[in-house]
Amino acid sequence: MSVHPIVLCGGPGSRLWPASTGRQPKPFVDLLGGPSLFQRTLARVAAAPGASPPVIVMGADHVAQARAQIETAGGLETFLVEPVGRDSGPALLAAAVWIARKDPTGVALAVASDHHIPDEAAFAEAVGAALPAVCAGHIVTFGVKPTYPATAYGYIRAGEALAVAPAVRAVARFVEKPDLQRARSLLDEGCLWNSGNFMFRVDALVDEAARHAPELLEAVRRAVEEGRSEEGVFRLGAPFAHAPRISIDVGIMEKTERAAVLPIDYAWSDLGAWDAIWAASARDADGNAVNGAAVVRESADCLVRASHGARLVVIGVRNLAIVARGDEVLVAALDKAADLKPALAALEALPTNAREPLEASASRFKAWLFEKALPLWWCFGADHRGGGFHEGLGHDLVPAPVDRRALVQARQVHVFATAGLMGWAGPWTAAVDHGLDYLARRYRRADGLFRRAVDVAGEPADDLARLYDQAFVLLALATSARAMPARREALESEAASLAGAVRRAFKCAGGGWRADEVSMRYEADPIMHLFEAVQAWSEVSDDPAWLGWAGEIAGHFLTRMVDAEGGRIVEEFDERWGPFPGREGHRLEPGHHFEWAWLMERWSRRVGEAGPSDVARVLYASGARGVDPRTELVFDALADDFSLLETTSRLWPQTERVKAALLLAPADDWEGSSHRRAVSAAAAAMWSYFDTPVEGLWRDAPRGAGTPESEPASASSFYHIIGAVEALQHRGGRSPAGA
């Protein structure tokens with residue numbers, strides 16, 4: 001009989017920071033010298049009786065890393081890739097459903113990828129001992145005979161021996177992780193540690209899920225049905241994200257009557273903290289476990305590790321964990337090293353503006369964009385059935401059920417076209433076509449303008465044409481034309497038609513452009529984005545009309561809209577293009593000052609004139625007056641005397657500060673430039689908005705500002721984010737992808 005190993009790879013193992021991180025999780029780190037825990041696990045399950053090639057359940061981010069380690073070990077495998085982590089319940093059940101498609105009553109052996117079991121023969125013997133009970137329909141967990149009163153493990157109270165397998169006993173009760181006093185009592189009572197490793201027939205687990213967790217089973221089945229296979233990788237479909245986030249213990253094992261336990265007494269550890277690593281490591285005569293470029297003198301019972309360029313000298317200490325990885329260092333008493341979580345949270349909350357070199361920050365943002373955000377927003381942020389893009393995603397990846405604005409559709413087209421220009425290897429062309437098609441079918445009116453919004457079914461919800469929306473459609477077409485030169489002529493023809501409609505509908509006789517087709521509102525924001533779009537076309541097209549129109553907008557801004565001497569741009573104007581008498585006429589947004597500075601500096605370089613660059617620098621300085629010196633966050637609004645008007649700090653102004661600081665930095669003094677320091681500070685501040693339960697999403701307010709997790713990540717912000725990340729890659733923004 002074949003036994004199908006399921007190897008679960010999930011979680012960064014943060015208690016082993018800094019060696020284990022989100023980029024290099026615990027299973028793939030050499031913690032004990034020699035093979036990684038992942039490689040040791042593969043070798044162990046391969047030695048189990050009847051073992052077939054393993055099914056490895058993991059997130060997409062680490063497939064390449066796992067494959068490289070498997071090739072080193074010379075093994076074969078199938079990867080079952082989760083679109084998002086949902087705990088062990090969905091992971092194990094998805095693997096069971098997937099295995100059942102080819103072996104409906106097959107036996108599965110589910111193990112963690114990061115446990116330490118040095119005796120492979122004893123493990124194989126335990127698998128053989130559990131097999132009769134598994135074949136009889138029991139779900140068998142491996143219960144470790146405790147060696148001390150651990151508070152980090154759950155416990156199992158074993159019941160009567162099973163008739164079909166005398167070594168296996170029924171589970172009388174699962175016990176949650178206890179305090180120390182309770183752990184001592186459980187030890188005296190003969191309870192077992194719950195190792196979290198299982199054996200079961202796949203049909204038995206599915207049956208119990210149908211009985212005790214039907215919602216979980218439904219989501220997992222749909223994820224398998226909608227999944228796709230490619231070169232040894234099976235990617236679970238989007239419904240997996242809707243599975244409840246629940247452990248296999250809570251979801252099934254604590255409820256089923258089929259639960260059984262095999263007591264085992266071989267050496268086992270989940271290596272959950274540095275004291276466990278020390279206990280499992282080879283040690284010198286003084287009890288020190290030393291790894292890497294480290295010298296230890298007159299010390300005892302210490303764990304000392306140095307990696308990624310770190311070097312350590314340790315003298316005269318005892319019972320410490322000293323771990324250095326690059327510029328990250330942990331020093332802790334060995335018996336306190338497990339208490340890392342609150343300390344790491346406090347570390348992440350510290351100001352980071354001087355902590356990370358700009359180049360490292362740029363690399364981190366690009367990795368987040370390419371590996372997390374773009375795949376997630378194409379998978380979950382696009383409506384693959386009805387068309388177009390969702391307005392936002394909750395932190396459970398459920399789309400926001402609200403009307404869809406034209407500006408979001410256009411911005412997402414721009415995002416994916418920019419991603420293609422940046423070198424993202426994902427399906428950016430499909431995403432661009434997806435968005436452009438939806439815009440044309442659902443938003444374009446008979447007069448050639450684009451309506452403001454449609455409902456989730458694609459029917460008109462707001463037929464008003466606004467300048468703001470037309471500007472972003474023009475920008476989406478320009479970025480698409482730049483990314484896809486073969487289609488430039490057709491896209492430019494479409495853009496030229498829209499440009500004519502815009503001039504007819506929004507141009508004012510006295511100069512400038514009104515905000516929408518029915519009112520006489522004069523706003524700075526839509527004109528700014530019209531300038532961005534038209535300037536982008538002037539850099540893509542050979543038609544001088546685009547350059548002429550960009551010059552017209554620049555001239556209107558410089559002569560009618562900006563207070564160049566005072567460094568002010570208000571948000572709304574009267575019919576003579578003076579500040580509007582209401583609140584918006586006295587409101588300054590630092591983020592818009594940074595945006596206008598970025599646009600005017602680009603224009604200055606485009607036409608070779610110094611005047612716009614001078615204005616850009618004045619506007620940048622005004623924007624900088626809205627930066628909180630304590631947090632390095634850009635405030636949302638100032639009064640026209642530059643006093644603080646709004647204390648909130650949304651995400652998008654942080655991105656615009658990054659772009660402007662990069663573009664305005666002097667080329668001949670980049671290393672010593674105050675702009676470089678500003679970029680480093682702004683990039684670090686921007687990162688605080690990405691602290692979300694699912695990587696690839698964002699918050700509209702920084703960490704700690706009280707934004708509830710239920711607030712969806714706004715798709716609209718992606719336009720700002722990718723602009724900043726793209727600019728960081730160019731170190732100076734001198735070749736903006738959206739231009």
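Residues passing the side-chain hydrogen bond (donor to acceptor under 3.5 Å, both in side chains) test with R305, sequence neighbours excluded: none. In terms of the side-chain hydrogen bond (donor to acceptor under 3.5 Å, both in side chains) criterion, S88 has no residue partners (sequence neighbours excluded). Residues forming a side-chain hydrogen bond (donor to acceptor under 3.5 Å, both in side chains) with H138 (at least two apart in sequence, or on another chain): none. Every residue two or more places apart in sequence or in another chain that forms a side-chain hydrogen bond (donor to acceptor under 3.5 Å, both in side chains) with E189 is listed here: R157. Not counting sequence neighbours, R173 has no partner by the salt bridge (charged side-chain N to carboxylate O under 4.0 Å, His left out) test.
In this structure, OG in S680 is found 9.0 Å from CG in L728, a value given to the nearest 0.5 Å. Residue R325 holds its CZ atom at 13.5 Å from CG of L330, rounded to the nearest 0.5 Å.
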- [ ] Mind running side-chain contact (heavy atoms from CB on, under 4.5 Å) on F200 and I248 for me, showing each step along the way?
- [x] CA-CA 12 Å; F200 50 86; I248 193 69; over 6 Å; no
Open item on the list: Test side-chain contact (heavy atoms from CB on, under 4.5 Å) on V296 and C302; report intermediate values, then the result.
Closed with: CA-CA 9 Å; V296 180; C302 291; 5.7 Å; no
- [ ] Any chance you could lay out the side-chain contact (heavy atoms from CB on, under 4.5 Å) test for L651 and I721, step after step, and finish with the verdict?
- [x] CA-CA 9 Å; L651 168 59; I721 293 167; 3.7 Å; yes
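Formation of a donor-acceptor pair under 3.5 Å by the N288 side chain with backbone atoms of V290 is not found in this model. Q39 places a side-chain N or O within 3.5 Å of a backbone atom of Q69 that can act as its donor or acceptor partner. In this structure, S113 contributes its side chain and L8 its backbone to a donor-acceptor pair below 3.5 Å. Between the R699 side chain and the Y689 main chain, no donor and acceptor come within less than 3.5 Å of each other. Checked by atom type and distance alone, the side chain of S299 never pairs as donor or acceptor with a backbone atom of R318 at under 3.5 Å. Using a distance-only test at 3.5 Å, with no hydrogens or angles considered, no donor-acceptor pair links the side chain of R15 to the main chain of L340.
Across A95 and I6, no two heavy atoms sit closer than the pair CB-CD1, 3.6 Å. Contact detail for S281 and I277: the closest heavy-atom pair is OG-O, 2.6 Å. Here the closest heavy-atom approach between residue H4 and residue S52 is recorded as ND1-OG, 3.3 Å. Closest non-hydrogen pair, R40 versus P35, comes out as NE-O, 3.1 Å. A pairwise comparison of heavy atoms in K177 and A152 identifies CE-O, 3.1 Å as the closest pair. When all heavy atoms of W377 and G696 are compared, the pair lying nearest together is NE1-O, 3.0 Å.
Annotation for K255: atom NZ counts as buried by contact number, over 12 foreign heavy atoms lying within 6.0 Å. Within 6.0 Å of atom CD in E120, more than 12 heavy atoms from other residues, nucleotides or ligands are found, so the atom counts as buried in its surroundings.
Within the 4.5 Å cutoff, the side chain of L369 has heavy atoms near those of the L374 side chain. Counting heavy atoms from C-beta outward, L697 and L393 have side chains that approach closer than 4.5 Å. Using a 4.5 Å heavy-atom cutoff, the side chains of L37 and L32 are in contact. Between F365 and M686, the closest side-chain pair of non-hydrogen atoms falls below 4.5 Å. Residues I252 and L205 have side chains in contact (heavy-atom distance under 4.5 Å, counting atoms from C-beta outward). K26 is listed as a side-chain neighbour of L271, based on a closest heavy-atom distance under 4.5 Å. Side-chain contact between I246 and P90 is present, with heavy atoms from C-beta onward closer than 4.5 Å. Side-chain contact between L217 and V97: present, with at least one pair of heavy atoms (C-beta onward) separated by less than 4.5 Å.
Pairs of residues two or more places apart, or lying in two chains, that qualify as ring-ring contact (aromatic ring centres under 6.0 Å, His included) and include a residue from residues 246-302 are H115-W268, Y153-W268.
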